[in-house]
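Here's the structure we're looking at; comments come further down.
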Amino acid sequence: KFESELKKIIKSKYIIAVNSGTAALGISLRALGVKKNEEVLTSPLSFVATSNAIMHVGAIPHFVDIDLKNLGIDFFKLEKYLNKIGYMKKGSLINKKTKKKISCILPVHVFGFSADITQMNKIKKKFKLKILEDSSECLGSYFQKKHLGTFGDMGVLSFNGNKIITTGGGGAIITNNKNLYKYSRHIASTAKKANNFEY
């Protein structure tokens, strides 16, 4: 019922309620195929859960500068930065200095403010990066009449005690992609596969 009500507000095809925003981030990173030792571009202005989720999947948080107007990632600076430190190899962005693949951008929409979605999508396309929006603080926040968390490949919400609404803890995964939904639903449940045993 909670998932259904959220769908009405967010206008997303799929919502998965989980036990925390951190779990939502971790499951989503796995669903997006972020691998061990890959770099995830993210904001230093966030609760530690954002970086913890990246590290939980074995990836590396790569902090980039924020825009003081909206407190999200400064995507104009980010484009210049990626042109300087990165190069494309077989459809992947590689960090010249670390030699590691940069696989994802994890922008944080702070205090319900929207990061620059237009520039974010431009960078996603140019550098072939996945986008996971940390919309933990953004229930009811929109950019051009579209709910935050629905612009990237996936988004997350948090229902921790300091959020717009709270379930004590809790979080949710947002996506419009059926395959990402199916994988995430499987992982967020007991991940049980069909077998011949009856319980």
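This one's a predicted model, so the numbers in the text were calculated from it and none came from an experiment.
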Next item on the list: Scan residues 13-33 for pairs that pass side chain to side chain donor-acceptor pair (under 3.5 Å), counting only residues two or more places apart or in two chains.
Entry: none
Next item on the list: Decide if atom NZ of Lys146 counts as having more than 12 heavy atoms of other residues, nucleotides or ligands within a radius under 6.0 Å.
Entry: yes
Margin query: Could you check, using the six-membered ring where one of them is a Trp, whether Tyr87 and Phe127 have ring centers closer than 6.0 angstrom?
Written below: no
Check: Okay, side chain of Asn160, backbone of Asn162: is any donor-acceptor separation there less than 3.5 Å?
Finding: no
Next item on the list: Calculate, to the nearest 0.5 Å, the distance between atoms CD and CG belonging to Glu137 and Leu71 respectively.
Entry: 10.0 Å
Check: Roughly how far, to the nearest 0.5 Å, is the NZ atom of Lys182 from the CG atom of Asn177?
Finding: 10.5 Å
Check: Taking atom CG of Leu25 and atom CG of Asn52, what is their separation to the nearest 0.5 Å?
Finding: 10.0 Å
Checklist line | Same apolar cluster: Leu78 and Ile117, side chain cutoff 4.5 Å | finding: yes
Notebook entry, point to check: Got a donor-acceptor contact below 3.5 angstrom from the Ser158 side chain to the Ser136 backbone?
Noted result: no
Margin query: Return the SG to CG distance between Cys104 and Leu41, rounded to the nearest 0.5 Å.
Written below: 8.0 Å
Next item on the list: Please confirm whether the backbone N or O of Phe159 pairs with a side-chain atom of Thr166, one donor and one acceptor, at under 3.5 Å?
Entry: yes
Notebook entry, point to check: Taking all non-hydrogen atoms of both residues, which atom of Ile131 and which atom of Leu32 are closest, and how far apart?
Noted result: O-CD1, 4.2 Å
Next item on the list: Apply the test ring-ring contact (aromatic ring centres under 6.0 Å, His included) to residues Tyr81 and Phe75: give CA-CA distance (whole Å), side-chain angles for both, the deciding distance (0.1 Å), then the verdict.
Entry: CA-CA 9 Å; Tyr81 177 66; Phe75 288 104; over 10 Å; no
Next item on the list: Could you give me the CA-CA distance, side-chain angles and deciding distance for Lys100 and Glu38, then say whether salt bridge (Lys or Arg N to Asp or Glu O under 4.0 Å) is met?
Entry: CA-CA 6 Å; Lys100 296 183 188 304; Glu38 292 180 351; over 6 Å; no
Check: Under a 4.5 Å cut-off applied to non-hydrogen side-chain atoms, are Ile102 and Leu129 in contact?
Finding: yes
Next item on the list: Indicate yes or no for a side-chain donor-acceptor contact from Glu133 to the backbone of Gly155 under 3.5 Å, with no hydrogens or angles considered.
Entry: no
Check: Do the side chain of Ser103 and the main chain of Val40 share a donor and acceptor less than 3.5 angstrom apart?
Finding: no
Notebook entry, point to check: Would Leu132 end up clustered with Ile10 when hydrophobic side chains under 4.5 Å apart are linked, directly or stepwise?
Noted result: no
Item checked: Heavy-atom side-chain proximity of Asp67 to Ile73 below 4.5 angstrom -> no
Check: Do any N or O atoms from the side chain of Ser51 and from the backbone of Val48 form a donor-acceptor pair under 3.5 angstrom?
Finding: no
Next item on the list: Specify the closest pair of heavy atoms between Thr175 and Asp153, including all atoms of both residues, with the distance to one decimal.
Entry: OG1-O, 3.0 Å
Margin query: Under 6.0 Å between ring centres: does that hold for Phe151 and His109?
Written below: no
Check: Hey, quick one: are Val18 and Val57 part of the same hydrophobic cluster, counting side-chain heavy atoms closer than 4.5 Å, chains of contacts allowed?
Finding: yes
Notebook entry, point to check: What's the shortest heavy-atom distance between Gly26 and Ala53, and which atoms?
Noted result: N-CB, 3.9 Å
Checklist line | Non-hydrogen atoms of Leu139 and Ile164 that approach each other most closely | finding: O-CG1, 3.8 Å
Checklist line | Residues Asp116, Lys69: salt bridge by 4.0 Å N-O rule | finding: no
Next item on the list: Take Met154 and Ile173, measure what side chain to side chain contact (heavy atoms under 4.5 Å, CB included) needs, and give me the verdict at the end.
Entry: CA-CA 7 Å; Met154 301 182 85; Ile173 297 167; 3.5 Å; yes
Notebook entry, point to check: Taking side chain as C-beta onward, heavy atoms only, is His62 less than 4.5 Å from Asn95?
Noted result: yes
Check: Is the side chain of Lys35 donor-acceptor paired with the backbone N or O of Gly33 at a distance under 3.5 Å, no angle test?
Finding: yes
Next item on the list: Output, in order, the C-alpha distance, side-chain angles, deciding distance and verdict of side chain to side chain contact (heavy atoms under 4.5 Å, CB included) for Val64 and Lys77.
Entry: CA-CA 9 Å; Val64 293; Lys77 282 186 183 176; over 6 Å; no
Checklist line | Donor-acceptor under 3.5 Å (Asn195 side chain, Lys193 main chain) | finding: yes
Note to self: If I compare all heavy atoms of Gly112 with all of Leu148, which pair ends up nearest, and what's the gap?
What the structure shows: O-CD1, 4.1 Å
Check: Would a hydrophobic clustering, with Ile, Leu, Val, Met, Phe, Trp and Tyr connected at side-chain separations under 4.5 Å, put Phe2 with Leu157?
Finding: yes
Next item on the list: Taking the side chain as every heavy atom from C-beta outward, state whether Lys124 and Ile105 have any pair of such atoms under 4.5 Å apart.
Entry: no
Next item on the list: Mind checking the CD1-OG spacing from Ile174 to Ser12? Nearest 0.5 Å is all I need.
Entry: 6.0 Å
Next item on the list: Identify whether Tyr181 and Val34 are in the same connected component of the hydrophobic contact network (ILVMFWY, side-chain heavy atoms under 4.5 Å).
Entry: yes
Margin query: Give me the atom names and distance for the closest heavy-atom approach of Ala172 to Ile15.
Written below: CB-CG2, 4.2 Å
Next item on the list: Give the C-alpha distance, both sets of side-chain angles, the deciding distance and a yes or no for salt bridge (Lys or Arg N to Asp or Glu O under 4.0 Å) between Lys97 and Glu39.
Entry: CA-CA 12 Å; Lys97 190 172 183 181; Glu39 296 180 15; over 6 Å; no
Next item on the list: Tell me, with the steps shown, if Lys126 and Glu79 meet salt bridge (Lys or Arg N to Asp or Glu O under 4.0 Å).
Entry: CA-CA 9 Å; Lys126 180 176 179 178; Glu79 184 175 11; 3.0 Å; yes
Check: Just how far is it from atom OG of Ser184 to atom CD1 of Ile27, taken to the nearest 0.5 Å?
Finding: 6.5 Å
Item checked: Residue of the set Ser46, Pro107, Ser43 for which side-chain contact (heavy atoms from CB on, under 4.5 Å) holds with Ile66 -> Ser43
Check: Is the shortest distance from a Lys or Arg side-chain nitrogen in Lys8 or Glu3 to a carboxylate oxygen in the other one below 4.0 Å?
Finding: no
Notebook entry, point to check: Can any side-chain N or O of Asp65 pair as donor or acceptor with the backbone N or O of Asp74 at less than 3.5 Å?
Noted result: no
Notebook entry, point to check: Okay, side chain of Lys145, backbone of Tyr142: is any donor-acceptor separation there less than 3.5 Å?
Noted result: no
Note to self: Around atom CE of Met88, are there more than 12 heavy atoms from other residues, nucleotides or ligands closer than 6.0 Å?
What the structure shows: yes
Margin query: Between Tyr183 and Ile187, is the side chain to side chain contact (heavy atoms under 4.5 Å, CB included) condition met? List the steps.
Written below: CA-CA 6 Å; Tyr183 176 88; Ile187 298 302; 3.6 Å; yes
